[in-house]
Enquirer: 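Pasting a structure here, questions to come.
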Amino acid sequence: MMKLNIQDTFNKELPADPERANARRQVQGAAFSYVTPRIPTNPALVHTSAPVGNLLGMTPEDLLSEEFLRIFSGAKLLTGTSPYAMAYAGHQFGNWAGQLGDGRAINLFEVNHAGKQWAVQLKGSGATPYSRSADGLAVLRSSVREHLCSEAMAALGVPSTRSLSLILTGDQVLRDMLYDGHPAYEPGAVVCRVAPSFIRFGNFELFASRKDLVNLRRLTDYTIQHFYPEIQLAGKESYVAFFQLVAKRTLDMIVHWERVGFVHGVMNTDNMSILGLTIDYGPYGWLEGYDPNWTPNTTDRQHRRYRFGQQADIALWNLYQLANALYPLIEEAAPIEKVLEDYRMNYAVTYHEMMQGKLGLFLTFPEDVDLIDQLEALLQRTETDMTLFFRNLSKVDRLTWIDEGKEFLKPVWEAFYAPQDLVGPILQEWRTWMNQYIQRLNREQATDDMRKESMNSVNPKYVLRNYMAQLAIDAADKGDYSLVEELYQLLQHPYEEQPASEKWFVKRPEWARQKVGCSMLSCSS
Ligand code: AMP
Ligand code: MG
């Protein structure tokens with residue numbers, strides 16, 4: 001029997017009077033609404049994550065129990081718990097969207113384990129007051145993507161919400177996957193997400209937009225007290241310190257995304273965690289060819305607002321919206337502006353350090369900026385697989401490296417999608433860059449082995465390439481979950497060599513280049 005240390009005081013402390021019932025409505029003066037998860041017709045377990053179970057104090061056996069299936073599919077409520085959906089607003093694609101809220105997420109309860117507090121949330125368990133015109137459900141396809149990617153990100157060391165389980169509901173859900181007027185039924189699923197908190201920038205924006213200062217202050221005090229205990233100041237100073245730490249955590253998250261080639265796809269302010277966690281895995285994607293202009297989200301194809309290379313700027317834009325929301329508590333522009341201005345400088349420094357790490361440079365020289373700039377330009381000139389390139393770059397051996405023919409590119413050759421195009425001036429530019437890189441490495445004290453080890457700890461060998469997730473989905477749709485498990489296990493150790501899994505250390509296959517689900521994803525989920 002599972003032993004969950006449920007903490008019931010947590011949600012009662014949430015600010016404002018909660019409302020009751022799932023009926024869709026505008027919710028005033030409340031931070032959340034008590035709701036009842038939908039009872040699934042025929043829940044069936046697809047996959048669980050033992051490490052997340054462990055965080056909550058559950059054993060691997062617990063995760064396979066009938067009790068587990070019932071609780072984490074929404075079929076059974078634990079006594080003494082009061083599930084709730086949170087109220088938030090947000091800016092979507094740059095426009096104010098008003099009240100949004102947990103339209104299909106329901107917090108079941110909070111758990112205390114090993115000195116840590118976790119909020120446990122179902123995604124896809126039915127309508128809430130915040131569902132607007134949608135059904136509150138989720139399909140298997142998007143749930144496989146959320147479950148696998150959350151755990152892959154955590155293993156990569158990227159701050160993220162976690163995923164405990166993926167369960168089929170036994171219900172059919174109608175979705176127009178491509179938004180082209182061809183809706184079809186898909187299997188419904190529920191993912192159980194776990195994080196210290198799911199509070200977003202949008203929670204603050206909601207109260208600020210309604211000039212509800214009482215609740216804005218309560219929400220902010222609550223967030224600081226529970227999740228930013230390092231802030232020991234009071235009043236306005238504490239709010240400035242809070243904003244500063246949120247900006248820092250957000251920036252760190254973005255630089256991690258840039259390091260591993262992750263594109264979130266929908267960086268609306270309601271999808272920005274106040275804890276700097278990657279949250280809401282929708283039409284996300286992984287860079288294959290290194291292209292800062294790439295976005296996986298077809299809904300954003302025209303403006304590419306949320307493209308890979310713009311994520312740091314968008315995070316700053318989102319921080320401006322959070323700043324506006326917090327302003328009534330601070331009532332002074334200067335300290336807020338300082339945080340926003342510092343973001344740019346901090347970003348430049350953090351990004352540069354990250355790139356130095358990817359290149360295996362321990363020392364810092366002024367010329368390194370150019371070396372990195374030139375590499376980024378070159379990676380775009382001929383389609384080059386980001387993951388393969390950086391992982392294999394660590395194989396450059398200064399002593400045996402040969403500057404001849406195309407031999408000089410040998411360690412990274414596999415990363416090029418069209419190696420036949422590497423001729424003439426572009427080949428020459430690569431030669432120049434490689435020569436500069438070797439010279440630069442020669443200025444380091446570290447041995448090649450030390451550099452290799454360091455590079456391999458920041459340049460993953462395995463990421464959840466878009467086509468890999470799609471293969472797992474295609475199999476899962478047929479009732480075969482073995483690939484979900486295989487990819488889950490593979491991505492538990494993304495920095496390790498796994499000789500039996502070399503087949504996943506390859507460029508995106510050509511069939512996946514323009515395939516739905518692999519390079520093109522809509523918000524339909
Ligand atoms: P997203 O962009 O997917 O993070 O969702 C934006 C808003 O729409 C959030 O308030 C979600 O809770 C809500 N939403 C998305 N999908 C659904 C759905 N199927 N049913 C109800 N609400 C949804
Ligand atoms: Mg969202």
Side-chain angles (χ1 to χ4, degrees), residues 22-27 31-33 35-38 40 74 83-107 119 121-143 145-146 149-150 160-161 163 169 171-177 179 183-191 193 195 197-206 209 263-275 277-285 295-300 305-306 314 318 321 521-525:
N22 295 41
R24 295 163 168 83
R25 59 192 186 273
Q26 290 290 310
V27 173
F32 66 97
S33 308
V35 290
T36 312
R38 185 173 182 276
Y84 63 98
M86 297 207 70
Y88 55 80
H91 282 82
Q92 298 184 314
F93 296 95
N95 303 308
W96 176 243
Q99 176 183 299
L100 296 167
D102 287 332
R104 56 166 167 180
I106 296 182
N107 281 43
Q121 179 182 85
L122 298 186
K123 180 169 176 180
S125 60
T128 75
Y130 312 100
S131 298
R132 296 176 290 156
S133 59
D135 55 14
L137 305 175
V139 292
L140 180 61
R141 153 175 68 81
S142 61
S143 305
R145 286 170 52 83
E146 171 131 23
C149 201
S150 309
S160 176
T161 61
S163 180
T169 58
D171 296 302
Q172 295 292 304
V173 175
L174 195 61
R175 285 290 180 271
D176 188 359
M177 188 165 79
Y179 295 136
Y185 281 100
E186 300 185 44
V190 170
V191 159
R193 307 198 290 192
S197 169
F198 292 97
I199 295 174
R200 303 139 190 271
F201 288 14
N203 294 71
F204 300 82
E205 289 182 272
L206 180 70
S209 73
V263 192
H264 182 285
V266 204
M267 290 178 68
N268 294 333
T269 56
D270 52 302
N271 290 339
M272 297 293 291
S273 148
I274 203 69
L275 304 184
L277 305 171
T278 313
I279 192 171
D280 280 11
Y281 291 88
Y284 68 82
T295 175
N297 184 356
T298 51
T299 317
D300 188 27
R305 178 180 173 86
Y306 298 139
I314 291 292
N318 289 341
Q321 309 316 313
L521 290 138
S522 75
C523 287
S524 162
S525 54

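Each ligand, and each atom within it, is numbered from 1 in the order the structure gives. Computed from a prediction, not measured in an experiment: that's the story for all the values here.
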Enquirer: If you define the side chain from C-beta out and look only at heavy atoms, does anything of Phe201 sit under 4.5 Å from Asp270?
Expert: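 Side-chain contact under 4.5 Å: no.
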Enquirer: Are any of the N/O atoms in Ala134 less than 3.5 Å from those in ligand 1?
Expert: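 No: no nitrogen or oxygen of Ala134 is under 3.5 Å from one in ligand 1.
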Enquirer: Under 2.8 Å from the Mg ion (ligand 2), which protein N, O or S atoms are there? Could you list them by chain and number?
Expert: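 Result, waters dropped: Asn271 OD1, Asp280 OD2.
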Enquirer: Hey, is atom 20 (N) of ligand 1 touched by any protein heavy atom at less than 4.0 Å?
Expert: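 For atom 20 (N) of ligand 1 the answer is yes, since some protein heavy atom falls inside 4.0 Å.
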Enquirer: Any idea which protein heavy atom is nearest atom 10 (O) of ligand 1, and the distance to it?
Expert: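 Protein heavy atom at minimum distance: Gly101 O, 2.6 Å.
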Enquirer: For atom 5 (O) of ligand 1, what's the nearest protein heavy atom and its distance?
Expert: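 Here the closest protein heavy atom is Asp270 OD2, 4.5 Å.
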Enquirer: Does Met267 come within less than 4.0 Å of ligand 1, judged by its heavy atoms?
Expert: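 Met267: no contact with ligand 1 (<4.0 Å).
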Enquirer: Out of all atoms in ligand 1, which are within 4.0 Å of some heavy atom of Arg175? Include the element for each.
Expert: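 Answer for ligand 1: 19 (N).
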Enquirer: Looking only at heavy atoms, is any part of Asn271 under 4.0 Å from ligand 1, and if so is it the side chain, the backbone, or both, or is it neither?
Expert: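 Just the side chain.
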Enquirer: Any Lys/Arg nitrogen of Asp102 or Lys123 sitting under 4.0 Å from an Asp/Glu carboxylate oxygen of the other?
Expert: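 Not counted as a salt bridge, because no side-chain N and carboxylate O are separated by less than 4.0 Å.
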Enquirer: For Asp280, is there an ion pair with Arg200 - N to carboxylate O distance below 4.0 angstrom?
Expert: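 Looking at Asp280 together with Arg200, the answer is yes, because their closest N to O distance falls below 4.0 Å.
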Enquirer: Can you name the atoms of ligand 1, numbered from 1 with element, that are less than 4.0 Å from a heavy atom of Gln92?
Expert: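 Near Gln92, the atoms of ligand 1 are 6 (C).
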Enquirer: Do Asn297 and Cys523 touch side chain to side chain, with heavy atoms closer than 4.5 Å?
Expert: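 With C-beta onward as the side chain, the pair touches.
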Enquirer: Would you check whether Gly136 reaches within less than 4.0 Å of ligand 1, judged by its heavy atoms?
Expert: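 It does; at least one heavy atom falls under 4.0 Å.
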Enquirer: Going by the order shown, which atoms of ligand 1 are within less than 4.0 Å of some heavy atom of Leu137?
Expert: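 Those of ligand 1 that fall under 4.0 Å from Leu137 are 19 (N).
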Enquirer: Hey, which atoms in ligand 1 end up nearer than 4.0 Å to a heavy atom of Arg132?
Expert: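 Reading through ligand 1 atom by atom, the close ones are 7 (C), 8 (O), 10 (O), 13 (C).
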Enquirer: Got the closest protein heavy atom to atom 12 (O) of ligand 1, with its distance?
Expert: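 Among all protein heavy atoms, the one nearest atom 12 (O) of ligand 1 is Gly103 N, 2.8 Å.
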Enquirer: Can you list the atoms of ligand 1 that are under 4.0 Å from a heavy atom of Asp280?
Expert: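 So the atoms of ligand 1 that pass are 4 (O).
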Enquirer: Determine whether the side chains of Thr128 and Tyr84 contain a donor N or O and an acceptor N or O closer than 3.5 Å.
Expert: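 The criterion, which ignores hydrogens and geometry beyond distance, is not satisfied for Tyr84 and Thr128.
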Enquirer: Hey, does Asp135 sit under 4.0 Å from ligand 1 if you only count heavy atoms?
Expert: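 Within the 4.0 Å threshold, so yes.
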Enquirer: Tell me whether the NZ or CZ atom of Arg175 lies within the 45° cone about the ring axis of Tyr185 and under 6.0 Å from its centre.
Expert: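 So Arg175 doesn't make the cation-pi contact.
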Enquirer: Can you tell me the protein heavy atom closest to atom 16 (N) of ligand 1 and the distance?
Expert: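 In this structure, atom 16 (N) of ligand 1 has Arg104 NE, 3.3 Å as its nearest protein heavy atom.
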